[in-house]
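Below is one structure, written out as structure tokens, with a few remarks after it.
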Amino acid sequence: MSGIEFLGTGSYVPEFVADNDKFSEILDTSDEWIFPRTGIKQRHIATDKPNYYMGAQAAKRALESAKFNPEDVNLIIVSTCTPDFFYPAMSCLIQKLIGAKNAACFDVNSACTGFITSMDIAQKFLDTGKYENVLIVSTEKLSNQTDYTDRASSILFGDAAGAVLIKRSDKTYTSFLGAEGDEFEALYCKVHYHPNCPWFGDIDEYYEHRFDTEGKQNYLVQDGKAVYKFAVNAMANAVKTAAEQIGLDISELDLVIPHQANLRIIEKAAENMGIPPEKLFTNIKHMGNVSSACIPVGLDEMFKAGKIKPSMKICFVGFGAGLTYGSIIMEV
Ligand code: UT7
């Protein structure tokens, strides 16, 4: 099985910052509650830009950093759970904005696990030899789905985009993807339809009564405690399973970039795996949770800081609505 080489990375973080004090102005909450329980001090919100704009900016920056002609991109995979349209796919909008007219395009939605899923799909496409390079863009505008009257969920989320341009390599690569659909009620956001079809009967009772939170049909709904409990075990299991597949001891990893949902989840999972803090990337303090964009934004930060060196063994691990989870271990 072939591996993956990063040709370029890029990210886009909106200018507007909502710190914890801004939330105290609109909700009964405080920095004293939020920071110790989540590790979050602030998040960025795209107040005047659509999601595809953020994705296109991150994509352009990834191509620039690789000095790569957009017309040479073979495939664009966009991961997002906050698309601007039902269709077309966000990847088609981004293709237009960056001028990648020769690329095939599709989107992936495995929520916060989306970057890992997209990388794994891309690896399979590259492995066939038919595709030379793939642009992955993870772009998320959680502010479109956040209920800003719900203090337990609204304080977690922000907006951002990250992108990577990759090609095939002969370095080590392994992955693990999992899902527990039984747990899907722990985190969901319904699509809102106007029932104006003249032939509609009663909507399925299960759907109607079980998932309609009154007045909140358009919002993200979350059972925070259930997600928390799932996440700690899922992250540790995903990394252990991937490491076992290639006979790697977790202590041999040089860097772990986890999904940034809650600092306590990250630290507890890392402790369970025996990963020391100096090998653990976090940026949740200034970014909050930006769903599938967390990992590529973090990766871009680490590349820009010169902290990713050839032959390093890095691990991406995440979880999200679904509930989905997954990990990748690869040599850079
Ligand atoms: O990408 C995946 C996304 N989701 C996650 O990763 C979520 C994981 N879960 C969590 O991070 C935590 O469950 C939260 C941080 C969301 C919430 O922490 P918690 O300790 O599970 O709080 P809770 O929802 O059980 O609420 C405990 C109390 C409640 O008050 P009462 O009923 O005990 O009086 C809440 O109303 O804390 C209250 N509370 C708050 N108080 C001040 C909840 N949120 C806040 C808040 N400020 N922002």
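Order of appearance sets the numbers: ligands from 1, and atoms from 1 within every ligand.
- Counting the atoms of ligand 1 from 1 in the order shown, those under 4.0 Å from a heavy atom of Ile265 are 6 (O), 8 (C).
- Under the rule for a side chain to side chain donor-acceptor pair (under 3.5 Å), Ser24 has no partner lying at least two apart in sequence or in another chain.
- When hydrogens are left out, the protein atom nearest atom 17 (C) of ligand 1 is Trp33 CH2, 3.9 Å; that is the closest non-hydrogen contact.
- Tracing side-chain contacts under 4.5 Å through hydrophobic residues (I, L, V, M, F, W, Y), one never reaches Met119 starting from Leu253; they form parts of separate clusters.
- Among protein heavy atoms, the minimum distance from atom 6 (O) of ligand 1 is reached at Ala261 CB, 3.3 Å.
- In this structure, Lys41 satisfies the cation-pi test against Phe35, with its NZ or CZ atom closer than 6.0 Å to the six-membered ring centre and inside 45 degrees of the ring normal.
- Using modelled atom types and a 3.5 Å distance limit, the side chains of Thr80 and Asn51 yield a donor-acceptor pair.
- Counting protein heavy atoms only, atom 38 (C) of ligand 1 is closest to Arg151 NH2, 3.7 Å.
- Atom 44 (N) of ligand 1 is flagged as protein-proximal [any protein heavy atom, distance under 4.0 Å].
- One option in Ala152, Ser153, Ser291 has a heavy atom closer to atom 16 (C) of ligand 1 than any other, and that option is Ala152.
- The closest protein non-hydrogen atom to atom 4 (N) of ligand 1 is Gln222 OE1, 2.7 Å.
- Of all atoms in ligand 1, numbered sequentially from 1 with element shown, those under 4.0 Å from a heavy atom of Cys112 are 1 (O).
- By the 3.5 Å distance cut-off applied to N or O atoms, Ser30 is not counted among the residues near ligand 1.
- Contact check for Glu331 versus Tyr173: no side-chain heavy atoms found under the 4.5 Å cut-off.
- Taking 4.0 Å as the cut-off, Leu27 does not count as a neighbour of ligand 1 on heavy-atom distance.
- At the top of the distance list for atom 23 (P) of ligand 1, counting protein heavy atoms only, stands Lys225 NZ, 4.0 Å.
- Close to ligand 1: His259, with a non-hydrogen atom less than 4.0 angstrom away.
- With atom 46 (C) of ligand 1 as the reference point, the heavy atom nearest to it among Thr29, Ile40, Asp150, Asp223 is part of Thr29.
- For atom 28 (C) of ligand 1, no protein heavy-atom neighbour is found at a distance under 4.0 Å.
- Among protein heavy atoms, atom 15 (C) of ligand 1 sits closest to Thr38 CG2, 3.7 Å.
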Could you list the donor-acceptor pairs under 3.5 angstrom formed by side chains in residues 309-319, with sequence neighbours left out?
| from | atom 1 | to | atom 2 | distance (Å) |
| --- | --- | --- | --- | --- |
| Lys309 | NZ | Gly306 | O | 2.5 |

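- Remark: the backbone N or O of His286 is not paired with any side-chain donor or acceptor of Arg43 at under 3.5 angstrom.
- In this structure, atom 33 (O) of ligand 1 is not in close contact with the protein, since no protein heavy atom lies within 4.0 Å of it.
- Annotation: atom 11 (O) of ligand 1 to nearest protein heavy atom, Asn262 ND2, 2.7 Å.
- Side-chain atoms of Asp150 and Ser153 include a donor-acceptor pair closer than 3.5 Å.
- Both tests hold for Lys49 against Tyr53: distance to the six-membered ring centre under 6.0 Å, angle to the ring axis within 45°.
- Donor-acceptor pairing under 3.5 Å is recorded for the side chains of Thr174 and Gln245.
- Protein heavy atom closest to atom 9 (N) of ligand 1, with residue, atom name and distance, is Gly224 O, 3.0 Å.
- The closest approach between a heavy atom of Gly320 and any atom of ligand 1 is not below 4.0 Å.
- No hydrogens or angles considered: nothing links the side chains of Thr82 and Gln145 as a donor-acceptor pair under 3.5 Å.
- Residue Phe281 is not grouped with residue Val232 when hydrophobic side chains (ILVMFWY) are merged at heavy-atom distances under 4.5 angstrom, including chains of intermediate members.
- Within the 4.0 Å heavy-atom shell around ligand 1 one finds Phe319.
- For atom 19 (P) of ligand 1, the protein comes within 4.0 Å by at least one heavy atom.
- Taking CD of Glu5 as the start and CG of Leu165 as the end, the distance is 10.0 Å to the nearest 0.5 Å.
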